[in-house]
Amino acid sequence: MTLQQEIVGNAMQMAVVSLQPGRTVYCEAGKFLFKTANVTMETRLSGPSGAGGQPQDGAGGTSGGMGGMLRQAMGTAMQVGQRALAGESLAFQYFTSTGGEGTVGFAGVLPGEMRALELDGTRAWFAEKDAFVAAESTVEFGIAFQGGRTGRSGGEGFVLEKFTGRGTVIIAGAGNFIDLNPADFGGRVDVDTGCVVAFEEGIQYGVQRVGGLNRQGVMNAVFGGEGLSLATLEGNGRVILQSLTIESLANALRKAQGGDKQGPTGGLFSTNAG
């Protein structure tokens, strides 16, 4: 059964979720806005898989005696460790409706759009760090590390959020969204690394250098404002991009405050204010 939710607003959208009795939705700490009185809230370190999808059920933690408790504790510690390495929130907040239908509101942290993704259990979804807002307890949240060359050269592309299972997951980004399929554009699109919001499993995600080590390559990197790398998305599947990057938003705010240090050379030699 699909989660009943409505995404409202324009420049800063929010998701209003209608919870049927007994159903649970969870969010990353800091994404909660409001709830009705009949919705309980619980903060836990474990993800939904560590609690069998029902974090409020204390009996689940004692399954298998001391051995089961130890395995659960180790699993929770690994989840928390992964999220800490990725720079994600260490805890989740769980919301469960009791005594009738309840309502919960969530939002992202930047001006922009939100999107509800429906997982049917056959394909995972990957999203950039901090895109996750909320999901049903039947959706598992994980961290995917892009290894080796991609991670070192890609910056934003090193850590991805991974969603598996069945149910609804809500993500958020900056600016406006555009949906596309690389297969409709010859099988591949090259994107500013900060513009990627999410993509389906089956899309190959990588990072390539902007141009070669020649005059034009140097011009692209120094004066083009893109730095040295672009993200590449290849294959047949759904991709969601955003029109605003965090870096461009930060640069605009610094410029408005009189602290723009970017200069005429674009992103390569820009420095942070202060």
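Counting from 1, the numbers follow the sequence of the chain as shown.
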If you take all heavy atoms of [X] and [Y], which pair is closest and at what distance?
X	Y	answer
V17	Q5	CG2-CB, 4.0 Å
I203	G235	CD1-C, 3.9 Å
V133	K31	O-CB, 3.9 Å
V139	R166	CG2-O, 3.6 Å
V159	E128	O-OE1, 4.2 Å
L19	V39	CD1-CG1, 4.4 Å

Quick one: does any side-chain atom of [X] pair with a main-chain N or O of [Y] as donor and acceptor, under 3.5 Å?
X	Y	result
T36	G102	no
E161	F132	yes
T193	V196	no
E136	G167	no
Q13	M114	yes
N38	E101	yes
N181	G237	yes
T40	T96	yes
Q242	G175	no
T43	Q93	no

Spacing of [atom1] belonging to [X] relative to [atom2] belonging to [Y], to within rounding of 0.5 Å:
X	Y	atom1	atom2	value
F141	F92	CZ	CZ	5.0 Å
R188	L233	CZ	CG	9.5 Å
R115	I7	CZ	CD1	7.5 Å
L244	L110	CG	CG	7.5 Å
F185	D190	CZ	CG	12.5 Å

Discussion item. Hydrophobic cluster membership, with links at side-chain heavy-atom distances under 4.5 Å among I/L/V/M/F/W/Y: are M14 and M12 in one?
Written reply: no
Worksheet entry | Enclosure of D184 CG (heavy-atom neighbours >12, cutoff 6.0 Å) | yes
Worksheet item: Do the ring centers of F32 and F95 come within less than 6.0 Å of each other?
Response: yes
